[in-house]
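These numbers were taken from a predicted model, which means no experiment stands behind them. Only heavy atoms go into these numbers, but all of them, side chains included; no hydrogens, no water, no symmetry mates. Atoms within each ligand, like the ligands themselves, are counted from 1 in listed order. Residue numbers start at 1 and run along the sequence shown.
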Amino acid sequence: MTTTPRILHLFLLILCVLSGQTTSSSSSASSDIDAFLGCLSADIPPRLVHTPATNSYNALLLSSVRNLRYVLPGTARPVVIVAATEPAHVQTTVLCGRRHSVRIRTRSGGHDYEGLSYASLDPGQRFAVLDLAELRAIHIDAARAEAWVGSGASLGELYYALGAANRTLAFPAGSCPTVCFGGHLSGGGFGSLARKYGLSADNVLDAVVVDAQGRLLNRSTMGEDLFWAIRGGGGSFGVVLSWKVRLVRVPETVTVFGIRRFRNQSAVDLITRWQDIAPALPRDLYLRVLVQNPQADFVALFLGRCGRLARIMQRRFPDLGMTRADCQEISWVQSTIFIEFFTTAKPLEVLLDRSNKPDYYLKVKSDHVQEAIPRHAWESIWAKWLDEPGTPPIMLDPYGGRMGSISPSATPFPHRNYLYQLQVYSFWFENGTEALEKRISWVRGVHEELEPYVSRNPRAVYVNYRDLDLGTNGLEGNVTSYEKARVWGEKYFKGNFKRLAAVKRKVDPHDFFRNEQSIPPLPAAAKE
Ligand SMILES: Cc1cc2nc3c(=O)[nH]c(=O)nc-3n(C[C@H](O)[C@H](O)[C@H](O)COP(=O)(O)OP(=O)(O)OC[C@H]3O[C@@H](n4cnc5c(N)ncnc54)[C@H](O)[C@@H]3O)c2cc1C
Ligand SMILES: *[C@@H]1O[C@H](CO)[C@@H](O)[C@H](O)[C@H]1NC(C)=O
Ligand SMILES: *[C@@H]1O[C@H](CO)[C@@H](O)[C@H](O)[C@H]1NC(C)=O
Ligand SMILES: *[C@@H]1O[C@H](CO)[C@@H](O)[C@H](O)[C@H]1NC(C)=O
Ligand SMILES: *[C@@H]1O[C@H](CO)[C@@H](O)[C@H](O)[C@H]1NC(C)=O
Ligand SMILES: *[C@@H]1O[C@H](CO)[C@@H](O)[C@H](O)[C@H]1NC(C)=O
């Protein structure tokens, strides 16, 4: 019998499913802003245009904020939020923004770890948020195993719709049901099917994009360079409205388990062994670990039945002691709930719940590991950093399988040949600089401790785990400096960074879609 790991349950709940409070501030519109608003009003109904003077502004701004650090007083807020309901609203916003020098930040689900979709680090910046939450239609073609999905659709909404359409169809994407398509696919999209089917971005067939000139393009009209860049390049090439994706096959019944082992039992040995075992398991088996005080939780999804899973585990990882009693046989859509909430007792409708406001502050740093971290290092990390009760888990997610067989240049996401990725999280509820400094320095401390053991040259990071500690943009002339951006850019994209900059030069040479970590246009003097 496995006991329900309540701490894990609580933790996951905290990141995706909490309700909270609001803050307020005001901002006065300059003549530029007035002209911009006038321009919008020609094509966009007033009820979709929310300024700080509108009652609805605060609630809409906070509706999908996932990190309160970026709505603290002093953070620059949008001068207007446009809640687009049609592609034409997006085109108009881009054209008016260019005409009146108001930059745009695109927000789909608002999960950006560094708030780039709704906040600016530059307190003087005047920008608009283009909110795509209403552009979330989902059309599933079960016979062709394809779907069109709006950028504002959440992963949970797609999983739910797939569950209703056909028990054997799935889509490889992340575990948090409120994350939305727009940002997730723009950065890659990693989840429990990645070892079998790759990232979400590896399964995109077409997309509809509004470019910096306000044109509505699809794959055949945008060209393969831009189509390559939007599938993982981090979202600064245009506004993607919808995605056509390839659905994947899963068995009608899959198996999940969660096994908890304490540090005073065998957890450190098991984690050490897991590092080589999990990435080499059959592709049908995903086995992640959450390392936390005082235990490690091993969480699995197997695309098959319990009997076969138990035989594989017995042969490949006998020390974990998994038995048939640990299994739960369920449908794939139920497994998405299990992976997130660590229970199968919730109704499928939890996948549709997107009405959550955050009440936590967040900082995350992440790594890739290419050679198993030695046992003594795990011992000391645990003793030094994880001993305090309530410390959030370090999450280890295995690669291998299909992840390792896709070319590093097939999409902008280059990190294909690692054993696993690792995330160090902190989230907290206390408002104030003391808590903020303490929590952030904890995350940075663990990150520093890990340095000798993780990837180097570069220290590889996944762009969807956005981290502004890696560096932020500065200007050279009137566009983003390429040399300065390389510092963070090559950590996310390695050799693909230059190619992304070349695409940016082609599609957005004036650098309209600019933020703290947007791709810079490749300088004219540089050879591609
Ligand atoms: C609680 C939590 C759990 C997570 N779990 C996972 C996980 O399991 N796997 C994983 O891979 N990642 C995970 N992530 C990271 C997540 O994939 C990224 O934060 C993703 O970018 C969020 O997309 P979004 O649309 O919700 O966020 P947003 O904040 O709206 O967007 C993120 C970025 O993409 C840009 N963008 C958004 N929409 C568009 C668009 N339509 N066109 C162009 N650019 C756009 C934004 O401007 C911003 O820079 C998680 C994040 C959180 C907060
Ligand atoms: C945090 O504290 C500041 C200053 O005391 C206050 O203005 C703000 O509203 C608080 N924010 C939250 C989310 O409580
Ligand atoms: C599910 O889709 C597959 C292939 O697209 C098809 O063979 C199967 O009959 C479908 N099942 C149902 C219940 O629609
Ligand atoms: C792409 O857009 C063009 C021009 O609008 C259109 O003719 C074509 O059918 C579209 N392609 C797809 C696959 O939708
Ligand atoms: C091991 O640690 C757990 C959790 O701290 C505790 O409940 C359990 O009693 C400990 N077992 C032993 C043998 O010390
Ligand atoms: C950027 O600067 C160059 C040279 O000063 C100028 O030619 C160009 O028009 C400027 N572009 C924008 C978008 O301001």
What atoms in ligand 5 come closer than 4.0 Å to a heavy atom of Asn264?
-> 1 (C), 2 (O), 3 (C), 8 (C), 10 (C), 11 (N), 12 (C), 14 (O)
Within the structure, does at least one protein heavy atom fall under 4.0 Å of [atom]?
atom: atom 14 (O) of ligand 4; answer: yes
atom: atom 11 (N) of ligand 4; answer: yes
atom: atom 5 (O) of ligand 5; answer: yes
atom: atom 2 (O) of ligand 4; answer: yes

Any N/O pair Thr221/ligand 4 closer than 3.5 Å | no
Decide if atom CD of Glu388 counts as having more than 12 heavy atoms of other residues, nucleotides or ligands within a radius under 6.0 Å.
-> no
Charged N to carboxylate O below 4.0 Å: is that the case for Lys384 and Glu379?
-> no
Can Lys363 and Asp469 be counted as an ion pair, charged N to O under 4.0 angstrom?
-> yes
Ligand 4 atoms in contact with Ser220 (distance to a heavy atom under 4.0 Å) = 1 (C), 11 (N)
Where ligand 4 meets Asp206 - atom numbers and elements under 4.0 angstrom, heavy-atom basis = 13 (C)
When the aromatic ring centroids of Tyr465 and Tyr113 are compared, is their separation below 6.0 Å?
-> yes
Under a 4.5 Å cut-off applied to non-hydrogen side-chain atoms, are Phe181 and Leu155 in contact?
-> yes
Residue pair Arg261 / Leu320, side-chain heavy-atom distance below 4.5 Å | yes
Going by the angle between their ring planes, with limits at 30° and 60°, are Trp274 and Tyr420 parallel, tilted or perpendicular?
-> perpendicular
Closest heavy-atom approach to atom 43 (C) of ligand 1 among Ala173, Gly238, Gly183, Ser154 is made by Gly238
Using a heavy-atom cut-off of under 4.0 Å, does the side chain or the backbone of Tyr465 touch ligand 1, or both, or neither?
-> side chain
